[in-house]
Novice: 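Before anything else, here's the structure in question.
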2 protein chains.
Amino acid sequence: MTTEKRRAPAGAAVLRGEITSAIRTAVMQELAEVGYGRLSIEAVARRAGVSKTAIYRRWRSKLDLVLDMVSAVAGRNIPLLDTGSLLGDLEILLHVMARALRHRLAAQIIPDLLAEAARNPQIAEKLQTALDDYQQAVGRILIGRAVERGELSPDTDRRAAVDLIVGPVYWRMAISRAPLEAAEVPRMAAAIVAALRVACLGPARDEVEV
Amino acid sequence: MTTEKRRAPAGAAVLRGEITSAIRTAVMQELAEVGYGRLSIEAVARRAGVSKTAIYRRWRSKLDLVLDMVSAVAGRNIPLLDTGSLLGDLEILLHVMARALRHRLAAQIIPDLLAEAARNPQIAEKLQTALDDYQQAVGRILIGRAVERGELSPDTDRRAAVDLIVGPVYWRMAISRAPLEAAEVPRMAAAIVAALRVACLGPARDEVEV
DNA sequence: GAACGTCGGGACGCAACCGTACCGTCGTTG
DNA sequence: CAACGACGGTACGGTTGCGTCCCGACGTTC
């Protein structure tokens with residue numbers, strides 16, 4: 001290819017960032033409103049006040065568009081503060097999750113995409129890696145620190161631990177769709193700590209005492 | 001209306017049950033495959049080997065059809081066996097939930113409809129009442145019995161308890177989509193019992209704000 | 001200030017689906 | 001055994017969305 005004579009695009013021949021971000025927010029809103037299944041490029045374009053071509057110039061298809069959004073959002077990893085105790089760490093994590101799921105958009109988009117992931121391999125892959133990263137981070141860092149401190153047994157099952165930690169918040173906010181008051185977090189955190197302590201003891205062979 | 005001369009429909013003029021049920025299973029499969037958002041009557045008809053008219057004669061619209069399916073499935077309440085101990089009751093419940101979510105159809109349809117419920121008031125209502133029934137049943141019966149036995153404090157927060165019980169299984173099977181081995185159930189049940197014990201101790205009493 | 005070249009917008013062809021109207025079929029009823 | 005009447009199937013207009021093509025507009029570069 002003799003591209004030597006070519007000069008870089010300039011002037012009006014350059015993607016306008018404002019439009020790109022207008023599309024992005026429109027996609028989020030549309031995704032929340034109708035879900036991935038019914039997401040239409042035309043609706044996105046309408047909502048963004050933009051032509052369809054503007055979208056197709058940036059992303060090859062609807063799937064590409066959504067995949068890009070997902071990786072953009074899921075890419076940023078959560079900071080897991082070290083408060084010095086498992087209980088403290090958990091409270092922070094629960095607060096962060098609750099805060100995230102309190103946003104209307106997130107609370108609608110996340111369950112929707114997770115459901116869609118069950119049937120769309122591309123979305124599943126993108127989402128699953130993000131989810132795995134998240135779970136691993138929680139498992140390794142949060143549980144790992146607790147093990148180092150001696151708060152949990154070294155042979156704690158990381159996956160089971162993640163289920164016990166993340167499950168209740170997600171169920172409460174995304175499925176049951178009941179608000180989680182900040183005041184409830186400490187209690188939930190304490191309950192989870194108790195659960196984690198028991199979970200690493202292995203199968204319930206012993207009788208439980210009051 | 002002078003319906004006196006009317007005689008009851010008979011012969012070929014009666015809905016054929018085989019076709020009705022063919023439609024029903026087709027809807028379930030289609031729902032699992034493409035989700036509610038993309039569910040199309042034509043596809044259902046094709047899959048069932050039936051005409052669209054056959055469907056429209058039975059249900060007024062796509063929404064009606066799905067609502068009917070939901071109430072049919074969600075209507076049947078789960079039997080909660082009394083094993084004599086909270087731990088035993090929990091193990092049973094977890095097994096039942098795990099068994100249900102192991103079915104491919106259920107594991108795809110349930111999250112999908114729950115996500116859809118977030119934006120469709122009609123589905124939300126049907127599903128929410130079913131969910132509430134379920135949660136109440138778990139809360140009242142399972143927790144209630146444990147309280148009677150003295151295993152849990154009388155002022156246990158039912159809602160928080162349900163979150164701790166149902167959340168982990170749901171997360172594991174429907175979101176994380178990792179298999180839950182039967183051997184893991186006892187451990188998870190034991191962990192949940194521990195969590196419930198702590199949860200009813202009340203909030204961390206130092207900070208109680210709304 | 002003219003040339004450049006991509007930009008956004010509107011229009012197009014194509015495909016899928018919705019919900020309805022009509023038509024011949026068929027089993028029961030009297 | 002004939003009449004009944006809802007049955008299932010086909011065909012149809014209308015709508016929506018996809019992805020593409022062509023056009024005039026526009027800001028930078030030389």
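Below, each value reflects all heavy atoms present in this structure, side chains not excepted, and no hydrogens, waters or symmetry copies. Naming convention: chains lettered A, B, ... in sequence-line order (proteins, then strands); numbering from 1 in each chain.
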Novice: Return yes if some donor-acceptor pair links the side-chain N/O of A:Arg177 with the main-chain N/O of A:Ala174 below 3.5 Å, else return no.
Specialist: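 Such a contact is found between A:Arg177 side chain and A:Ala174 backbone.
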Novice: Look at the side chain of B:Thr53 and the base of D:dG9, then say whether one donor and one acceptor between them are separated by less than 3.5 Å.
Specialist: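 Such a pair exists between side chain and base.
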Novice: I need the residues from residues 56-63 of chain A with at least one non-hydrogen atom less than 4.0 Å from DNA chain C; give them sorted by number, or say none.
Specialist: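 Result for residues 56-63 of chain A: A:Arg57, A:Arg58, sorted by number.
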Novice: Given D:dG9, is OP1 or OP2 found less than 4.0 Å from the side-chain N or O atoms of B:Ser51?
Specialist: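 Answer yes for this pair, as a side-chain N or O of B:Ser51 is under 4.0 Å from OP1 or OP2.
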Novice: Check the orientation of B:Tyr170 and A:Tyr170. Use parallel for under 30°, tilted for 30 to 60°, and perpendicular for over 60°.
Specialist: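 If you compare the ring of B:Tyr170 with that of A:Tyr170, the planes turn out parallel.
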Novice: Hey, can you pull the donor-acceptor pairs under 3.5 Å for the side chains in residues 99-109 of chain A, sequence neighbours left out?
Specialist:
residue	atom	partner	partner atom	Å
A:Arg102	NH1	A:Leu180	O	2.9
A:Gln108	NE2	B:Ala118	O	3.2

Novice: Can you find a donor-acceptor N/O pair under 3.5 angstrom joining the side chain of B:Lys52 to the base of D:dG9?
Specialist: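 In this structure, the two groups form no donor-acceptor pair.
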Novice: Give the minimum heavy-atom separation between A:Leu164 and B:Pro168, together with the two atoms involved.
Specialist: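 Heavy atoms only, the tightest pair is CD2-CG, 3.9 Å.
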Novice: In sequence, state the C-alpha distance, the side-chain angles, and the governing distance for A:Asp89 and A:Ile141, and then conclude on side chain to side chain contact (heavy atoms under 4.5 Å, CB included).
Specialist: CA-CA 10 Å; A:Asp89 287 3; A:Ile141 302 183; over 6 Å; no
Novice: Between B:Leu15 (CG) and C:dC26 (P), how many Å, whole number?
Specialist: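 Going from CG in B:Leu15 over to P in C:dC26 covers 18 Å.
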Novice: Please report, rounded to the nearest Å, how far the P atom of D:dC18 is from the CD1 atom of A:Ile55.
Specialist: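 A:Ile55 atom CD1 is separated from D:dC18 atom P by 9 Å.
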Novice: Using the side-chain contact (heavy atoms from CB on, under 4.5 Å) criterion, which residues pair with A:Arg16? Sequence neighbours excluded.
Specialist: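 Scan of A:Arg16 (side-chain contact (heavy atoms from CB on, under 4.5 Å), adjacent residues dropped) gives A:Glu18, A:Ile19.
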Novice: May I have all residue pairs that pass side-chain hydrogen bond (donor to acceptor under 3.5 Å, both in side chains) and include part of residues 42-57 of chain B, sequence neighbours excluded?
Specialist: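 Output for this query lists B:Gln29-B:Arg47, B:Glu30-B:Arg47, B:Glu33-B:Arg47, B:Glu42-B:Lys52.
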Novice: Note down the inter-axis angle between the two ends of the helix from C:dG1-D:dC30 to C:dG30-D:dC1, five pairs each, to the nearest 10°.
Specialist: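 For the helix from C:dG1-D:dC30 to C:dG30-D:dC1, the axes at either end differ by 10°.
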Novice: To the nearest 0.5 Å, what is the distance between CH2 on B:Trp59 and CG on B:Leu65?
Specialist: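 If we round to the nearest 0.5 Å, B:Trp59:CH2 and B:Leu65:CG are 5.5 Å apart.
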Novice: Identify which one of A:Leu94, A:Val169, A:Leu90 satisfies the side-chain contact (heavy atoms from CB on, under 4.5 Å) criterion when paired with A:Val185.
Specialist: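 So, applying the side-chain contact (heavy atoms from CB on, under 4.5 Å) to A:Val185 and each of A:Leu94, A:Val169, A:Leu90, only A:Leu94 qualifies.
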Novice: Looking only at atom types and distance, does a side-chain atom of B:Asp112 sit under 3.5 Å from a main-chain N or O of B:Tyr36, one as donor and one as acceptor?
Specialist: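 Here the side-chain-to-backbone pair exists.
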Novice: Could you tell me whether B:Asp68 and B:Arg58 make a salt bridge, using a distance below 4.0 angstrom between a side-chain N and a carboxylate O?
Specialist: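 Salt bridge flag = no for B:Arg58 with B:Asp68.
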Novice: Which residues in residues 19-49 of chain B have at least one heavy atom lying under 4.0 Å from any atom of DNA chain D?
Specialist: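 Nucleic-acid contacts, sorted: B:Ile19.
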